[in-house]
Each structure stands twice: as structure tokens, then as C-alpha cells.
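Everything on this sheet refers to the single structure shown next.
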Amino acid sequence: MAHDLPKAYEPGAIETRWAEYWIKEKLFSVPTPPPGETRPVFTLLLPPPNVTGRLHMGHMLNHTQMDIMVRWHRMRGFLTLWLPGTDHAGIATQMMVERQLASEGKKRRDMGREAFVERVWEWKRHYGGAILDQMKRLGDSVDWDREYFTMDENLSRAVREVFVRLYEEGLIYRGKYIVNWCPRCGTAISDLEVKHEEIAGKLYEIRYPVIGSDEFITVATTRPETMLGDTAVAVNAGDERYKRLHGKKVLLPLMNREIPIITDDLAQPEFGTGAVKVTPAHDPNDFEAGLRHNLPQIEVIDEQGRMNENAGPYAGLDRYEARKRVLEDLRQQGFLVGEKDYTISIGKCDRCGTVVEPRLSTQWFIKIAPLAQPAIEAVERGEITIVPENYKQIYLNWMHNIYDWCISRQLWWGHRIPAWHCSCGEIIVAREAPASCSKCRGAKLTQDTDVLDTWFSSGLLPFTTLGWPEKTRDLEVFYPTTLLITAYEILFFWVARMIMFGCHFMAGHQQDPKVKQASSWGDKKDDSVPFRQVYIHALVRDAERQKMSKTKGNVVDPLDVIERFGTDATRFTLAAMAAPGTDIAFSEGRTEGYRNFANKIWNAARFMFMNIDRVAPGLRPGTGSENRSHTGVDGFEARTLEDRWILSRFNRVTKNVNEALETYRFHEAANQIYDFFWGEFCDWYIELIKPRLLDGGDESARIACKNLLGIFEAALRLLHPVMPFITEEIWHAIYDGKPTLRSIALAPYPQADEKQLDLAAETEMAILQDLIVSVRNLRAELKVDQKQRVPIQVFVSEPEIHKLIEQNRGSVERLANVEKIEFVANSLAKLSGARHTARFDVHVIYERKIDVAAERERLKKELEQIEKEFANGQRQLGNEQFLAKAPTKVVDGIRRRAQELEILREKVKSKLDELG
RNA sequence: GGGCGGUUAGCUCAGCUGGUUAGAGCGCCUGCCUUACAAGCAGGAGGUCGCAGGUUCGAGUCCUGCACUGCCCACCA
């Protein structure tokens, strides 16, 4: 790269080129390390996107944060593994392919299972994993050689192994229970996959005639159509109103079936009429009550949400149509006695939005309590920490109230349950298809047609991707993984399951102490956990803080944003806005600002190269371009105040950035670098060294170049995890395309050197900046022509400050466009149009007079503020409690400030007097 | 029905364990094509930190209540 390159940074081609280079060079591939490896390990498992997935802003935030952490650790010398892969996503993918088939006029059931599954694989090979290509565009530094798919043969084998083991341990059982059933998807779904919604509905009161009397008993229901399957009416045993009806029967209207009146706590006297219809086959509570009272379970709704043959005249009707008809008939026959507005909660299928039907069916379940206990303890003991911390309590609450998990799905795409049914009724659960029935020796075995919940297999990934059930070297080194960064949405779906499975199946596992001890997690004892730390990232919303959703049409496509502003700028935006615990309202304005930042860096680089090529071409790639092997600033020779200052600032910022990343304060890390690079390095340092570069003599220019290069190169490394592309581009240019290392990503991350912190330099620099800004301010107020240089007068009382300004006279004159500095012996405070701080007075000599009225206003306002602050300080200093209790640092600070304020007050007052 | 978060400049947001003068970007106003950058430079205006109490020497920061707002969890007909 040379200085004749475009003035404006064009990220497109550059980013694509480096993304390809990183993959081609296999820079982030981590072969299994041999025994004896002593580097601390950092492992991160990518939350596998669905094969059907496309990148959205939430992913982009997640990936940005992961990549920052990964690159940061890698540069700090950790043996860093980031494992990518995709999830087969049972329902989602099956739906996708079904839709595709529908457009061809085909149906899944007509094709048959085998052909359909083959079709899904075909789809997967064609369209699946688009998101992986998008990840490449983001610059994700994952190990592509280890990419997995949840239905890979080795992972599938591990899934069967887990299933069989859990079954053998009695933790998996099969049974007929009420489950959430999606009539559209035709499968059971877990509690988590049901989204509840409040809608306006009705509460109907229906009276059932009591047999052997002319009485009625009135029940309340929101779902009248289920009455067709009623097998009892329940009242509370203690409810006086119904005591006389205990043991009697009622005649179920429309169906004319006799059903008993039972007493059960299901019925609560306060609610409705105090009597409740019981439909064991279509309501979870009624199901339980049915078991308690041995009631028949009459199913009236089929798996497609239609009334079945048990529904008499309503058979064949859709459930909602049936509701209408049932109500009509009840009304006509005088059984419907009440109808009032009522807010009801309905469950909808997470995938397709269809209203879920509680339905009786035979499913496979995991007994959750024995698995939950260790998973709760691991978090309570701090073996796993969750950040932000409030999610820990949410996790624990959920885990304490968890129900058994329905793991079977009536789908075709997924891991088929490793159970075989024999015609004799025996069920054989086995790792591979058995040849014959273990009970009757028969060979007519058919495999269970159900597949497993997608989350069953993804819950195993932390160990199955590393070779489990084999005792592999990978497991020994990389398990437990170090960090998991994920969205709150899947805390229960995925994170909780991984913890349960990890603690269960990896119990007793020991990580290689050589790679563990050196890491920051070395003090943890329990290596069964799947990860050491979980960071829950924020939700990305649109600029109006609305949740992005396709139906609202407010989805911001990250690739569009990338197209317009570049990946680096987009990444920087997300990093800079990602304060832990708060959602992000994505704004393109910010991204544009960070695109400008990239441009600023680019132009600073152009400036640097222009000067190096002109005065010290030897600096690149020869001198100073030796392998950057340490964590500081290379080849820096502090000769001047600005040199000492920028070196100190760099180290302070480096310290802050590392500390911020340590605690996931991405926004702080990003802002620190931004402010340093733009506000200090470009605005001040580069401006200050220009004279040395231009006409300071060869030696002086060479050192200035070297220092410029040193800071710039180190700053690139500091920024690299956030903006990997532009930093890689410029870094390579520094070495003229011939760096010793193949990538800045492999160079050491800057670490602060306490010895290079220089408080004196920072203080002195602040005074000079203050003086320069004061003069610029005065010039603006006097409307001095920008190009005109004007003389100034300066008064200082302290000799050191006089010396400081004297020594940096040239800088002040240049940056404030001053013709000549004249030091005067007396305070300029009274002089109208002069500026003052506690340390100096300054006056611009110019024929134009300032606007006296405006000046008076300004001074009045200033005085007011000074008085206010001064009074405030005095009050505190006069308070014994304050003096006794406040830290000396604070007290001293206020004392010092009070002195300054007194000086300032006098200056402002005398000037106001002068103005009259 | 429970639980969690948010409310700071016109807009979008920082402000970590309470401590001197509450910050940034965008937008706005003024002046500059100053030989890295107009995607830039210099200067400026703009805030009773949602409301009401409380704790404290000291509160944007901690506590209580309220208001508005968002999210999650929940098998009450």
C-alpha cells in the first residue's frame, strides 16, 4: 500500500480478500495438540445455526462478540479453538422442504419416508449452510477443518449412545400422556416450544342435567367443544352448594352419555360456578384428575385438529367449526346458560403459529429431576458462571420448576429413536438394529418411527464434537469449553440441556492440568461442566426499539449494512453498542460513523506511509519490521513531550481495553480505542509531530516516523479483534507484504507496561491542549480569519508552566495558528476579551473588539457556575463528617479545586467590573 | 399470576464497585477544500438524570413506593 491509494477507504474488496486468505491459509485451524502442550486453552463452541438459517442482526452481534473474544485470546497466546457447525433443525428444515414440495404439487406422505429424507439431504447439500458462507463474510475466525453437522455419522452415533445409556439408567421412559400437539406439524412439541398468548375469548356456562332429579349442575369452560369428551364433572369436596350431588350422575348434553360427579381439588369453589367439566383426553389438569379417579379417556379431536368418530354428529369437523356447532346446539337445547367475555391464554406452536392442542399420545420422555440436580449445583457452586449475573437466578428458578422433557417428535427429519418394536409387544432399545427380539426371538422388528427433539442432539455438542464417547485427546484438552456466548432465548432450550447432559455424561472427566492450570479458570475443580462461563448477549432491536421480525417487516439485514459500510464498521457498531444487560437499538447512523472511523484509520495510514516512504523508507520492511514478538510498542524513542504523552496514553488505553474485555464490556473496549485513535493519536499526536516530519532534519524525521509507526502498529493490534479486516490490510502494508507472521491475528495482543505510564506527561499535555483550545476559541469569537496568524499574550504565575509553554512554543503557535507568543508579567484577567484558567491567562491581539454584551453574558454564566461549585465545595469542606469519612483523595481533590475556583472567581469578577 | 429490565441532551446510547465540573456519536449553529482524511478540520449551543420519599458527609449511581414502557416464565376451567 502506498500513499497514492484511494483517499476513501473501500472495504468491499479488501474484506473479501482477507476472509478468503484466512481460510485458505487455515490460520485458525487447531490440530489436536500433542501431550505436553502447556499453553492455556480457550475453547468456544459456536451455537450451531439452523441449516435453514440466514444471518440476522442477532447472529451478527453474537458472532462479533465471539470473534472478539476468540481473536483476543488467540493473540494473547491461548491455544484457541472455535468450533463451528450447523444444526439439522428438525421441524424447521422439514417445513422448509415440505413447502418446496408443495410448490411442485407434491406431498411428503405420498413420497414415503425414505424418499423424503433423501430429499431433505439433497436440500441440505444445496441450500443448507448458506449461513456458513455469511459467517465467512463476517470474518469469524473459526476452525473450518472441524466443522460439524448435527446429523454427521459420528454425532448420530453419540446420540444413540446417550439415548441407550439414559434408557438403561431408567432416565428415559415411554408412555401415554397429554402432550402439546401441533395439528399442523403433526407432532408433539415440548413445553418450551409453546408460546403463550392472551386473547379475548369467552367463558361459557353449560348446564348438565343431574340424573334422577330435575336439577342441573352448571360448569364453566372456554373450550365447549371438548365437552364431547367429558367423562366426569368435578366439584370441590368442601363446597356446600354441591354436597347433595356427591355420587350422582349427570347426562352429558348432546352426547347423552352418563358421567359421574366426582369430588376433586381440580374444582375450586371461587372460580366460575365451582363445578368443572373433566376431559381427561384433552386437558392436562383433567388428565391428572382422570388418573386419580380412574376415568375413561375419550379422545374427540384427532392429530389434525379435527373432531373424530367419538364426537358423534360432529365427527369430521374442524375443532373451531365444531365449537360453533356445539354452542349453537347447546343454545338451542337450552343448555347454554351463560356467556361472558374472558381473557384466555392460548398456546401456539413456536414454529408455525398454529394453536397447540393438548393431546393424549404415546411419547418418549426424559426424567428430568435426576439430571437437573447436578446442573443446578454446578451453577450454584460457581463451576459455571453466568453473565450478566441476574440470568443465574432465572436459570435456577427454571431448573427448580422443570418438568419431564418430551423428546420424541412425529417427524421424519432427525435422529431416529433407537428403539425397535417387536410384534410380541417388546420394545428393544439398542445402539444398532438388533437382529431378533430379545424376548420372543422373533425377527420381525420395526424401528420406532419417531425422531428426537433437535435440542436433544445439540445439548450434547460440547462433548460429542470433541469425540465422545471415545476418550479422545481433544476432550482431554478442550473440555470443558471455556465460554459460551448466546442469546437469552435459548437459555432453557439449549444452555440448560447442555449443562444437564454435560454434568451427567462427563462426570469424573479431568481436563489436562497442563492446559488448564495456566488459564484463568484453572482454580475450578469440576471438569464435567460443558463450559466455564456463559455470557448472555443482548437483543438487537430496530432503531425504534421494536423487536425485529419478518412479520413486522422491520428486519435489518446485516449483509445490506455490510454492503454499504463494511464488515468492520458493522462489527464495531455492534461492539460499541453492546453494554452488558441492555438491548441494542440498531442504528445505521452509528454504523456510518464507524465507517468514517475506518476511513480515518485508512487516511492516517496513508499519511504515515507517505512520510515513511519520503524520509525513512528503511523502516519498511527493514528496520523495525522484525517480528513483532512482544506486547508493547516497538522501536519507540520518546524524545518530546508528545512522544511521552502518546506512549503513556497508549498504555493506559491498552490497560483499559484489556480490563473491559475481561468483563465483556465490549462497548467500553471499542470506545476506548476509538477515542484514543481519533481523539488523541490523530487529532493531537499526528498534528504535533508534523513539523518534525516535514522540516525537523533527517534524524528527527526518522525518529518521528519510527514512533508513528510503533504506535500505529500497536494500535492496529489493539483494534484487530474488533476490526479484523482493515487492521490486517494496513498491518501487512507496514511489512510491505512480507511480514514474518502470516497475519496480525497471530501477533501478540498489547499489554500495558506500567513503566510507560507517565502522569506528568499527561498533565502537561492537558495544559497545552487547554491553552491551544482557549486560543482557538478566542479566535472564533473574534471572528479572526482562519488563515490569519495572530500574536497572543500569555500570563503564567508558575515558572514550571512558563517553561512548559516556552518549550512547546512551536506547537502552540502552529496548532492555534499563533504568530508569536508574548509572555507578560501581569495578569490579563481584567482585560476584556482575554481567557483564563487557573493556570494561565491568554489574550489574542486583534484589532476587532469582542462583542461586549455577549462577553458579559458569558462571564456572568461562568461566574454563576463557579460560585455554585465553590459554595458546594465549601459546604463539604466545612462538614466535619465529610472530612472524617470521605477518602483523602476526594477531600484533596475538592481542596485543590477550591483553590482553582477562587483564582478563577477573582479573574472573572475583576473582568466583569472592568466591563461595567 | 409471578419474575426481570428500561426511563440521562432533539435522536440513539455510555456512565463498572455511590466521590471533585454527567459524557459520546448523530443531528443542529458558526467558520474553514489548512499539503492524511469534507466519510474531514476548528469552535459552539443543548441535560431540574421519569415522579415522590428515604439512606448517606455525599445519590444519575443504593432502598421504598408510583407512573410509563419492554421482555420472559405460568396446565387454573
Side-chain angles (χ1 to χ4, degrees), chain A residues 3 7-9 178 191 196 203 219-223 234 266-268 271-273 275-279 283-288 344-345 347 358 390-391 393-394 397-398 401 403 488-489 491-492 539 541 543 545-547 576-577 579-587 589-590 592-611 659-660 663 665 667-668 671 674-675 682-683 686-687 694 773 776-777 779-781 783-787 817 865-866 868-869 872-873 875-876 879-887 889-898 901:
Chain A
H3 57 273
K7 278 162 72 165
Y9 177 58
I178 289 266
D191 294 345
H196 293 273
L203 186 64
V219 299
T221 181
T222 55
R223 299 201 54 197
L266 177 69
Q268 292 181 9
F271 189 90
T273 60
V276 56
K277 59 192 273 311
V278 184
T279 325
D283 181 279
N285 290 314
D286 295 6
F287 173 78
E288 295 293 332
I344 52 174
S345 161
N390 58 311
Y391 290 111
Q393 206 47 52
I394 295 175
N397 286 344
W398 188 78
N401 297 305
Y403 289 85
Y488 171 71
E489 291 179 306
L491 181 61
F492 307 134
L539 207 64
R541 301 163 175 283
R545 307 210 110 262
Q546 297 288 306
K547 203 169 171 175
M577 296 184 84
T582 49
D583 288 345
I584 292 174
F586 187 82
S587 84
R590 287 286 287 264
E592 191 180 348
Y594 295 125
R595 187 271 316 261
N596 297 352
F597 179 50
N599 190 240
K600 188 76 181 176
I601 297 169
W602 180 256
N603 278 291
R606 287 176 60 231
F607 176 79
M608 175 177 74
F609 289 127
M610 182 183 85
N611 281 286
E659 282 171 5
T663 46
R665 297 205 307 276
H667 69 296
E668 198 177 314
N671 286 328
Y674 181 93
D675 291 339
C682 290
D683 287 351
I686 288 185
E687 292 306 323
L694 292 170
V773 169
R776 285 169 173 172
N777 183 304
R779 291 175 52 104
E781 241 165 58
K783 302 201 190 311
V784 179
D785 188 303
Q786 297 268 336
K787 274 162 278 186
N817 216 5
Q865 275 195 352
I866 291 169
K868 198 170 133 202
E869 197 192 333
N872 215 356
R875 203 186 57 231
Q876 282 180 296
N879 185 326
E880 274 177 44
Q881 296 268 34
F882 171 73
L883 296 177
K885 289 182 183 171
K889 201 176 134 193
V890 174
V891 178
D892 288 351
I894 291 177
R895 283 218 175 91
R896 213 174 309 128
R897 181 66 186 158
L901 287 170

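We name chains A, B, ... by the order of the sequence lines, and we start the count at 1 in each one.
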Same-atom distance ([atom1]) from [N] to [M], integer angstrom:
N: B:C29; M: B:A22; atom1: P; value: 27 Å
N: B:A77; M: B:C4; atom1: C1'; value: 29 Å
N: B:G18; M: B:C49; atom1: C1'; value: 15 Å
N: B:G46; M: B:A52; atom1: C1'; value: 28 Å
N: B:A9; M: B:G60; atom1: P; value: 15 Å
N: B:G44; M: B:G50; atom1: C1'; value: 30 Å
N: B:C33; M: B:U48; atom1: P; value: 38 Å
N: B:U8; M: B:U61; atom1: C1'; value: 12 Å

Residue met sooner reading RNA chain B from 5', once A:K885 and A:L694 are mapped to nucleotides:
A:L694

Return whichever of A:N777 or A:L883 has its heavy-atom-nearest nucleotide of RNA chain B closer to the 5' end.
A:N777

Rounded distance in Å - [atom1] ([X]) to [atom2] ([N]):
X: A:L266; N: B:A77; atom1: CG; atom2: P; value: 11 Å
X: A:N817; N: B:G43; atom1: CG; atom2: C1'; value: 14 Å
X: A:D785; N: B:G31; atom1: CG; atom2: P; value: 12 Å
X: A:Y391; N: B:C72; atom1: OH; atom2: P; value: 11 Å
X: A:K868; N: B:G47; atom1: NZ; atom2: C1'; value: 11 Å
X: A:Q393; N: B:G3; atom1: CD; atom2: P; value: 12 Å
X: A:E781; N: B:G31; atom1: CD; atom2: P; value: 15 Å
X: A:Y9; N: B:A36; atom1: OH; atom2: C1'; value: 16 Å

Using OP1 and OP2 only, check whether a side-chain N or O of A:K783 sits under 4.0 Å from B:G43.
no

Between B:G40 and A:N596, is there an OP1 or OP2 to side-chain N/O distance shorter than 4.0 Å?
yes

Of the listed nucleotides [options], the one nearest the side chain of [X]:
X: A:N390; options: B:A36, B:U20, B:G5; answer: B:G5
X: A:Y674; options: B:C37, B:G25, B:U20; answer: B:G25
X: A:Q786; options: B:A77, B:A36, B:G31; answer: B:G31
X: A:H667; options: B:A14, B:A39, B:A36; answer: B:A14
X: A:A267; options: B:A36, B:A39, B:A77; answer: B:A77

Nearest atoms (heavy-atom pairs only) where A:C682 meets A:K600:
CB-CE, 3.7 Å

Compare every heavy atom of A:Y594 with every heavy atom of A:N671, then report the nearest pair and how far apart it is.
OD1-OH, 4.1 Å

Can you tell me the base-pairing partner of [N]? Count Watson-Crick or G-U wobble geometry only, both distances below 3.5 Å, and say none if there is no partner.
N: B:A24; answer: B:U12
N: B:A67; answer: B:U7
N: B:A77; answer: none
N: B:C33; answer: none
N: B:G60; answer: none

Using a 4.0 Å heavy-atom cut-off across all strands, classify [X] as base, sugar-phosphate, or nothing.
X: A:Q268; result: base
X: A:P358; result: nothing
X: A:K787; result: sugar-phosphate
X: A:D683; result: sugar-phosphate
X: A:V773; result: sugar-phosphate

Give a yes or no answer on whether the side chain of [X] reaches the backbone of [Y] with a donor-acceptor pair at less than 3.5 Å.
X: A:N401; Y: A:N397; value: yes
X: A:R779; Y: A:N817; value: yes
X: A:N872; Y: A:K868; value: no
X: A:N603; Y: A:K7; value: yes

Under the side chain to side chain contact (heavy atoms under 4.5 Å, CB included) rule, what do A:M577 and A:H667 come out as? Steps first, then yes or no, please.
CA-CA 6 Å; A:M577 296 184 84; A:H667 69 296; over 6 Å; no

Does any part of the side chain of A:F882, heavy atoms only, come nearer than 4.5 Å to the side chain of A:V890, both counted from C-beta?
yes

salt_bridge(A:E659, A:R665) N-O dist < 4.0 Å:
no

Donor-acceptor pair under 3.5 Å, [X] side chain vs [N] base:
X: A:K600; N: B:C37; value: yes
X: A:N285; N: B:C75; value: yes
X: A:E687; N: B:A42; value: no
X: A:R665; N: B:C16; value: yes
X: A:R776; N: B:A42; value: no
X: A:R897; N: B:U21; value: yes
X: A:Y488; N: B:C4; value: no

